[in-house]
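For reference, the structure is listed below as structure tokens.
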Amino acid sequence: RDARHDGVDAPALEVGLSGSWFFASSNQRPGFDAADVRAICDVNASTKAGDAATTGHKGIGFKAVFAMCDRPCVLSNGFAFYFDAARDGPLGLVAPRWLALDGADGAPAPPGDVVDRWRAGRTVVALPLADGDAGDARAALDAAKAEAPRLLLFARRLAALAVTVDGATQTWTATRGPGASRVAVATAGAAAAYDVFESAGATVAFRAGGPERPAFYHAVLPLSLIHI
């Protein structure tokens, strides 16, 4: 359920950095319910289990955030909670604490601009980073700006991707033509169209209107087609 966008015409994702906090914000609907909260606290218990077409169906992806911080925060619908591996040890990977946005519980709360996204109805994951990691995140977000058009080309559901660093946001939108074979990616008044082809689980894209023999642009291949 946390991958659905019921009633949302343009599924959108924003990733960004606010001070030393990395965050990801989406307009997914209906957002988290009690079953989703229980699932994210567990391992191999995703509410998307059995749906191999859904990203996250294996039920282990969220635990990767602990490689970046000890206190990841999750805000969705009426839920605002965090995990504290520093204070609770291994139990902190699966046992959440309710998040006090005023910091009354001693845990750092996300910045106001991040919390505002949740209050506006979005689902937000926020990670407090160490100073060195925040610098790495800033570099990664700068690199993501260059890759944003390609990311949108191969995203199955996203119609918009935004990157925000300290209040400055750049947004890319993807408009898919009939049959989703022609995709136009636009940002800041500039647009480019691509022809996207899918076969046997592989996806390749070429710049539309290019030379008669277009240069290779980008591709996504399933592991079953890759022989190492």
Side-chain angles (χ1 to χ4, degrees), residues 1-51 54-66 68-129 137 155-164 167 169 171:
R1 281 189 288 274
D2 52 345
R4 283 164 42 189
H5 292 83
D6 297 353
V8 176
D9 293 331
L13 173 68
E14 178 188 13
V15 292
L17 192 69
S18 178
S20 61
W21 285 75
F22 173 85
F23 66 90
S25 167
S26 78
N27 63 347
Q28 63 191 52
R29 295 289 187 276
F32 277 36
D33 60 16
D36 294 317
V37 174
R38 287 192 293 268
I40 205 171
C41 297
D42 208 337
V43 176
N44 195 29
S46 172
T47 55
K48 296 172 282 186
D51 185 1
T54 303
T55 302
H57 68 94
K58 297 181 178 67
I60 58 175
F62 179 77
K63 298 302 182 285
V65 302
F66 290 100
M68 296 301 299
C69 74
D70 292 324
R71 294 187 178 94
C73 302
V74 179
L75 303 96
S76 183
N77 281 336
F79 300 102
F81 57 95
Y82 70 102
F83 299 87
D84 197 335
R87 180 161 48 177
D88 298 330
L91 186 62
L93 302 179
V94 294
R97 295 173 176 264
W98 293 118
L99 179 62
L101 296 177
D102 59 3
D105 61 356
D113 59 332
V114 176
V115 175
D116 286 345
R117 287 166 166 81
W118 168 55
R119 288 177 171 152
R122 298 174 73 89
T123 290
V124 180
V125 175
L127 313 179
L129 305 177
R156 290 174 295 185
R157 297 181 177 88
L158 279 185
L161 174 64
V163 177
T164 298
T169 301
T171 302

Sub-4.5 Å side-chain heavy-atom contact between S76 and V37:
no
Looking at K63 and V94, would you say the former's side chain and the latter's main chain have a donor-acceptor pair under 3.5 Å?
no
side-chain contact (heavy atoms from CB on, under 4.5 Å) assessment of L101 paired with L75:
CA-CA 11 Å; L101 296 177; L75 303 96; 4.3 Å; yes
Polar side-chain atom of D36 near backbone of D33 as donor-acceptor pair, under 3.5 Å:
yes
Heavy-atom closest contact (A100 atom, A109 atom, distance):
O-CB, 4.0 Å
Give the minimum heavy-atom separation between G31 and T123, together with the two atoms involved.
CA-OG1, 3.9 Å
ring-ring contact (aromatic ring centres under 6.0 Å, His included) partners of F79, counting only residues at least two apart:
none
Over all heavy atoms of both residues, which pair between L158 and A12 is shortest? Give the atoms and the distance, please.
CD2-C, 3.8 Å
Contacts satisfying salt bridge (charged side-chain N to carboxylate O under 4.0 Å, His left out) that involve residues 75-85 (not counting sequence neighbours) are R71-D84, D84-R87
Look only at the side chain of T164 and the backbone of G16, and say whether a donor-acceptor pair between them is shorter than 3.5 Å.
no
Would you say the side chain of T169 lies within less than 4.5 Å of the side chain of V163, judging by non-hydrogen atoms?
no
Any side-chain to backbone donor/acceptor pair from W118 onto N77? Under 3.5 Å, distance only.
yes
With distance as the sole test, does N27 use its side chain to make a donor-acceptor pair with the main-chain N or O of A10 at under 3.5 Å?
yes
Would you say the side-chain atoms of R122 and S25 include a donor-acceptor pair closer than 3.5 Å?
yes
Does Y82 reach the side chain of P72, with side-chain heavy atoms less than 4.5 Å apart?
no
Do F23 and L17 have side chains that get closer than 4.5 Å, going by heavy atoms?
no
Could you check if a side-chain atom of D88 sits within less than 4.5 angstrom of a side-chain atom of R97, using non-hydrogen atoms only?
yes
To check you understand the geometry: which heavy-atom pair defines the closest contact between A126 and W21, and what is its length?
CB-CE3, 3.7 Å
State, without any angle test, whether E14 and S26 hold a side-chain donor-acceptor pair at a distance under 3.5 Å.
no
Please check this pair: side chain of R117 against backbone of D113, looking for a donor-acceptor N/O pair closer than 3.5 Å.
yes
Exercise: identify the closest heavy-atom pair between A137 and L129
CB-CD1, 3.7 Å
Could you report the tightest heavy-atom contact between P128 and C69, atom names first, then the distance?
O-CB, 3.1 Å
Could you list the residues that satisfy ring-ring contact (aromatic ring centres under 6.0 Å, His included) with F83, not counting sequence neighbours?
F62, F81
